[in-house]
Protein chains: 2
Amino acid sequence: MSIKGRPNSLDIAMRAGVSQATVSRALRGSPLVNKATREKIEQIAREVGYKVDKSASNLRTQRSNTLALLLFEDPTDDQSLINPFFLSLLASITRATAAVEQDLLVSFQQLSDDWQADYENTHKADGLILLGYGDYVAYRSKLERLTAGGAHFVRWGAARADQPGLAIGCDNIGGGCDVTAHLISQGCERIAFIGEASSRYPEFNDRYRGYRKALEAAGLSVDPNLQIDAISTERSGLEATRELIQRGASFDAVFGASDLIAIGAIQALFDAGMSVPAEVAVAGFDDIPMAQYCRPTLTTLRQDTMGAGKVLVDSLLRLIAGETVESHTIPGQLIVRASCGAGKS
Amino acid sequence: MSIKGRPNSLDIAMRAGVSQATVSRALRGSPLVNKATREKIEQIAREVGYKVDKSASNLRTQRSNTLALLLFEDPTDDQSLINPFFLSLLASITRATAAVEQDLLVSFQQLSDDWQADYENTHKADGLILLGYGDYVAYRSKLERLTAGGAHFVRWGAARADQPGLAIGCDNIGGGCDVTAHLISQGCERIAFIGEASSRYPEFNDRYRGYRKALEAAGLSVDPNLQIDAISTERSGLEATRELIQRGASFDAVFGASDLIAIGAIQALFDAGMSVPAEVAVAGFDDIPMAQYCRPTLTTLRQDTMGAGKVLVDSLLRLIAGETVESHTIPGQLIVRASCGAGKS
DNA sequence: CTGAAAGCGCTTACAG
DNA sequence: CTGAAAGCGCTTACAG
């Protein structure tokens, strides 16, 4: 209003006949302010479209009220193909962030070497949310640099004693177990696991542990020949499955450590003239949107992305507030579709 | 450094033996500063991990150096299923924004009524990027409120004389024409168009215009019975196609105004016992990742999301800088896959 | 090429 | 319950 473009708190104060300090207090919901005074101020602010200037407020309070979302993924050939699972997570994090009146800075650079950009962001945000199926070992040193600088962060992934920081993740062990048990219930006995089961990929590793657990519970043996490394892309899943076929090992099911891997596996099986699920059952993990559109539709473990976003944001905020926060696991849900031949047993 | 957590420009100044103003100038790359002085300052800044405080800088310059990305979409039942096409665009916008050293505030609320949140964001950003296949007429009044407040924005979509503001979009008319011409070249003569072709959905409308253009160019008649409204979801595409089948109109191809619509159409045709592409050819628009995983793989028009992000960000920045910017159209590319029976003619 | 000084718009002890 | 005042960390005319 007045001559300048946007009104400031002093403009509101003059209109309301109070001091600028009172305007600030009223609009922050301070209990000190008289109710009538507050209402008058709020009304005037609404009328003239006044909004507290974030830069000034942030400067004064030394808080940015901003969270940053960083993605770490192995770089892929197909430039922009960010794992759809993380995009779902993005949607729910966006919502959860808005619900607590924080801003969200998004850096989906997918350039693992462009760490500088991420580093910059850590200076703009009060805390970080880290997403990724990327090589965690490679990422870790970078993370430690941040932690040394006192950055607050939560990571979506597997909570492990040997990993720094707070992790919120799906129950990967339980999920891996559920998927495998389902395949076994369909009559499968020689189930391949496609995905790198090492400390570099803690989530895949946990899914693999669940897989072993289910096999052992059913009295089936764990054949190391039936596990092949892959990262979370369709191409990697395809190539790994091709290698599995070339090995000549016999198998009647494939458990892809992620849906993208499983979709690649279906392609490889199809290319090799094997039918899914008649000859080989296939299951994945994540329940990305594609899982219900690919043919055959994909049996998978649905991660609770909505719940995840909320827990990630809430945990981070409590961490920033100086509370002690524990790593936490969110249960998933088995979604049975055509690829594992439900009813075939 | 020192006693406080993070160093400020004065700390750097003292270390470098210069004034605080010189530190500020040096770090902004002012040509006034002596080269040796600048290098010394930069070195010290690097050593102590000093970063210019954004809040202070933004407050002083009255610029936020932040762009906001807002999504408007018709709310869907399946909660978090944001159109994958916009997620690709998000990735490229993220990259383009970082390249020009701006921050990106993302609001993927997908709650068309939660306009308040979007409104807030307009106060935090220097400009807005708007994405959506949503009902543009419903959205428009909200937009006009913003424009009245002097907000800068660019919209991804169709540029129309009757629509306010700047639009950057795919060449929807040309794309619609290319897809239809390709179907015709495959021997199709009765091509249905699924998608609302009205001013509420300007992009679909343009694709429909391209469709008509191609039909007319080939001497084929435009049968209004072969057009059915749908919004950009798989479900809507499925239902519309079901209705088309029930109408009893004969058709040998379906052109979905978006890939999601086309994927829904394939499902409906499949449910009705019709084979794709043998009996009915299907094509979509966008080239979302799913297009190459669904069966049959989907012929579609690929939008150049990488280019789009760059153009959107650059245009917005120029708009903010007060330059005159024209609406602009980016060509797409026909991607031929199995769903239209390439080679069947 | 550099410094001293003002001021961006808030928030919050301090005093009443 | 309210006001006057200081100060968050920068940027940039102004003066030299």
Side-chain angles (χ1 to χ4, degrees), chain A residues 1-42 44-45 48-66 101 103 120 123-126, chain B residues 1-42 44-45 48-66 101 103 120 123-126:
Chain A
M1 46 154 307
S2 77
I3 283 171
K4 302 164 301 166
R6 268 167 53 183
N8 60 25
S9 57
L10 193 57
D11 294 317
I12 308 298
M14 291 191 309
R15 286 212 178 209
V18 297
S19 74
Q20 182 269 332
T22 298
V23 170
S24 176
R25 285 197 195 93
L27 263 21
R28 307 206 99 215
S30 161
L32 292 173
V33 181
N34 178 286
K35 193 170 169 237
T37 311
R38 182 210 318 292
E39 281 166 2
K40 186 172 180 189
I41 291 170
E42 282 171 346
I44 292 171
V48 303
Y50 170 72
K51 293 282 163 193
V52 172
D53 184 296
K54 281 270 286 178
S55 297
S57 163
N58 289 345
L59 173 60
R60 184 53 236 247
T61 59
Q62 297 293 79
R63 283 265 268 132
S64 70
N65 293 304
T66 298
E101 306 196 301
D103 286 337
E120 301 267 350
H123 283 270
K124 297 175 195 158
D126 298 326
Chain B
M1 47 151 310
S2 78
I3 284 173
K4 302 164 301 163
R6 267 167 53 184
N8 59 24
S9 56
L10 193 58
D11 293 318
I12 308 300
M14 292 191 309
R15 287 210 178 210
V18 297
S19 74
Q20 181 268 330
T22 298
V23 171
S24 177
R25 285 197 196 94
L27 263 21
R28 307 206 98 214
S30 160
L32 293 173
V33 180
N34 177 287
K35 195 172 168 234
T37 312
R38 183 210 320 291
E39 279 166 3
K40 186 173 181 188
I41 291 171
E42 282 170 346
I44 292 173
V48 303
Y50 169 72
K51 292 283 162 192
V52 173
D53 184 297
K54 282 270 288 177
S55 296
S57 164
N58 289 344
L59 173 60
R60 185 51 236 246
T61 58
Q62 297 292 82
R63 284 266 267 131
S64 69
N65 293 303
T66 298
E101 306 196 299
D103 286 338
E120 302 268 351
H123 283 271
K124 296 175 196 157
D126 297 325

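Numbers restart at 1 for each chain; the letters A, B, ... are given by sequence-line order, proteins then strands. Remember, it's a predicted structure, so these values are computed and weren't measured experimentally.
- Residue A:Asn58 contributes atom CG, which lies 12 Å from atom P of C:dC10 at whole-angstrom precision.
- Distance CG/A:Leu27 to CD1/A:Ile44: 10.5 Å, rounded to 0.5 Å.
- B:Ser55 comes within 4.0 angstrom of nothing in the nucleic acid, heavy atoms only.
- You'll find that the side chain of A:Gln20 is closest to D:dA5, out of D:dA5, D:dT2, D:dA13.
- In this structure, CD1 of B:Ile41 is placed 8 Å from P of C:dT2, rounded to the nearest angstrom.
- Here D:dT12 is the nucleotide among C:dG9, D:dT12, D:dT2 with the atom lying nearest to any side-chain atom of B:Ser24.
- Of the candidate nucleotides D:dG3, C:dC1, D:dG9, D:dG3 has the atom nearest to the side chain of A:Val18.
- One interatomic measurement links the two molecules: NZ of A:Lys35 to P of D:dT2, which rounds to 14 Å at whole-angstrom precision.
- For A:Thr22, the listed nucleotide lying nearest its side chain is D:dG3; candidates were D:dC14, D:dG9, D:dG3.
- Regarding A:Leu10, its CG atom lies at a distance of 14 Å from the P atom of C:dG7, rounded to whole Å.
- Between B:Arg63 and the phosphate of C:dC8, there is no side-chain N or O to OP1/OP2 separation shorter than 4.0 Å.
- OP1 or OP2 of C:dG9 lies within a sub-4.0 Å distance of a side-chain N or O belonging to B:Gln62.
- With contacts defined as side-chain heavy-atom distances shorter than 4.5 Å, the pair B:Asn8/B:Asp53 does not qualify.
- Summarising the base pairing, C:dA13 is matched to no nucleotide, lacking a Watson-Crick or G-U wobble pair whose two defining distances lie under 3.5 Å.
- Closest approach to the A:Tyr50 side chain among C:dG9, D:dC10, C:dC10 is made by C:dC10 (side chain taken as heavy atoms from C-beta onward).
- Atoms CG (A:Asn65) and P (D:dC8) sit 19 Å apart, rounded to a whole Å.
- C:dG9 atom P lies 18 Å from atom NZ of B:Lys124, rounded to whole Å.
- Nearest nucleotide to the A:Asn34 side chain, out of C:dT2, C:dG9, D:dT2: D:dT2.
- Atom pair A:Leu27:CG and C:dC10:P shows a separation of 9 Å (rounding to whole Å applied).
- Heavy-atom minimum distance, B:Pro7 versus B:Tyr50: O-CD1, 3.3 Å.
- For C:dA4, there is no paired nucleotide, since no Watson-Crick or G-U wobble pair has both relevant distances below 3.5 Å.
- Nearest to the side-chain atoms of A:Ala21 among the listed nucleotides D:dC10, D:dT2, D:dA5 stands D:dA5.
- Using a 4.0 Å heavy-atom distance criterion, B:Thr61 is classed as a sugar-phosphate-only contact.
- Residue B:Arg38 is the one, among B:Arg60 and B:Arg38, whose nearest nucleotide of DNA chain C lies closer to the 5' end (criterion: closest heavy atom).
- Atom P of nucleotide D:dG9 and atom CD1 of B:Ile12 are separated by 13 Å, given to the nearest angstrom.
- Between B:Ser55 and A:Leu59, the closest heavy-atom pair is CB-N, 3.8 Å.
- For the residue pair A:Ser64/A:Asp126, the side-chain donor-acceptor check at 3.5 Å is satisfied.
- Interatomic distance, B:Leu32 CG to B:Arg38 CZ, rounded to the nearest 0.5 Å: 9.5 Å.
- Closest approach to the A:Val33 side chain among D:dT2, C:dT2, D:dC10 is made by D:dT2 (side chain taken as heavy atoms from C-beta onward).
- As judged by a 4.0 angstrom heavy-atom cut-off over every strand, A:Ser57 is placed among residues touching the sugar-phosphate backbone only.
- Side-chain atoms of B:Arg25 come within donor-acceptor range of the base of C:dG3, with a qualifying N/O pair under 3.5 Å.
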